[in-house]
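Report on the structure given below.
In listed order, ligands and their atoms are each counted from 1.
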Amino acid sequence: MSTFRDWIDAAPGARLGLWQALACNYTAEICATLGFDWLLFDGEHAPNTAQTLLGQLQAVAPYPVHVIARPPVGDAVTIKQYLDIGFGTLLVPMVESAEQAAAIVSAARFPPRGIRGVASSTSRASRFGAQADYLATAHERVGIIVQIESGAALAAVGEIAAVEGVDGLFIGPADLAASLGHLGNPRAPEVQAAIDRAFAAIRAAGKPAGIFALDADDARARAAQGFAFVSIGTDIGLLANGGRALLRTCRA
Ligand code: 3PY
Ligand code: MG
């Protein structure tokens, strides 16, 4: 599977993704067959552990879909565990400064490039030692995306985007709205204007921008705006909305 940057750079246009929050191998595999460009496995808000994420990663491995994992927090221990089980691209929530972004990049690289702890022959990422050059080349395969989702992050977005090793920036409208005083209303004009400012700063730094779209219309608009990767829905949304719509239709 290609690196995040190679995957983004391979073609123009937005990559359309589906959020995985069911924390389930079997539904993850179903979603991997649907044709989405990427799947995001959520360790921040879904009931996932490294163990449950491993099963989902194995379930989608046969399918041509880019896999991204979101750790609950960008600390060095969690990052090392996610990389060891074989995730290549990480989306780290709640990043608010260039220093924090640099620490996340460092946590994803072995010394001397960073501080990632070393497990080689025991990690799935190295194919249990079969990949002889793993330690020397792991940094080339890792993609780091940081989330911009607060007023503080917004103020520092240009500096965060400029950090070497930050491969992409992803706007979280829900947390951004909350941080700006519009909890539950990411469509508030102030939030929408903040998203546009963040997008401009990310693009000015030459980095790809991603976003969690609010609905299909928003997804199309963000893709047309130039967002390189757009989450257009969630596994839970497909199930819950599909179930509700079916029931409504049959009861009508
Ligand atoms: C947010 O909107 O806050 C996210 O983290 C992504 O959905
Ligand atoms: Mg968020």
Do any nitrogen or oxygen atoms of Leu176 lie less than 3.5 angstrom from nitrogen or oxygen atoms of ligand 1? no
Under 4.0 Å between a Lys/Arg side-chain N and an Asp/Glu carboxylate O for Lys207 and Glu164? no
Between Gln20 and Asn48, do the side chains contain an N or O donor and an N or O acceptor separated by less than 3.5 Å? no
Between Arg124, Arg116, Arg127, which is the residue that forms a salt bridge (charged side-chain N to carboxylate O under 4.0 Å, His left out) with Asp84? Arg116
Over 60° means perpendicular and under 30° means parallel, so tell me whether Tyr82 and Phe87 are parallel, tilted or perpendicular. tilted
Suppose we measure from atom 2 (O) of ligand 1 to each protein heavy atom; which comes out shortest, and what is that distance? Ala174 N, 2.8 Å
Taking backbone and side chain together, does Glu44 place any N/O/S atom at a distance below 2.8 Å from the Mg ion (ligand 2)? no
Which one holds for His45 and ligand 1: side chain close, backbone close, both close, or neither close, with close meaning a heavy atom under 4.0 Å? neither
Which N/O/S atom belongs to Glu149 and is the closest one to the Mg ion (ligand 2)? OE1
Under 3.5 Å between some N or O of ligand 1 and some N or O of Glu149? yes
Look at the aromatic rings of Trp19 and Trp38 and report parallel, tilted or perpendicular, splitting at 30° and 60°. perpendicular
Atom 4 (C) of ligand 1 - nearest protein heavy atom and its distance: Gln147 NE2, 3.4 Å
Would you please indicate yes or no on a ring centroid separation below 6.0 angstrom for Phe4 and Phe229? yes
For ligand 1, is there an N or O atom under 3.5 Å from any N or O atom of Pro173? yes
With the Mg ion (ligand 2) as the reference point, give the N/O/S atom of Asp175 that is nearest. OD2
Charged N-O contact under 4.0 Å between Asp217 and Arg222: no
Say whether Glu44, considering both its backbone and side-chain N or O atoms, lies within less than 3.5 Å of an N or O atom on ligand 1. no
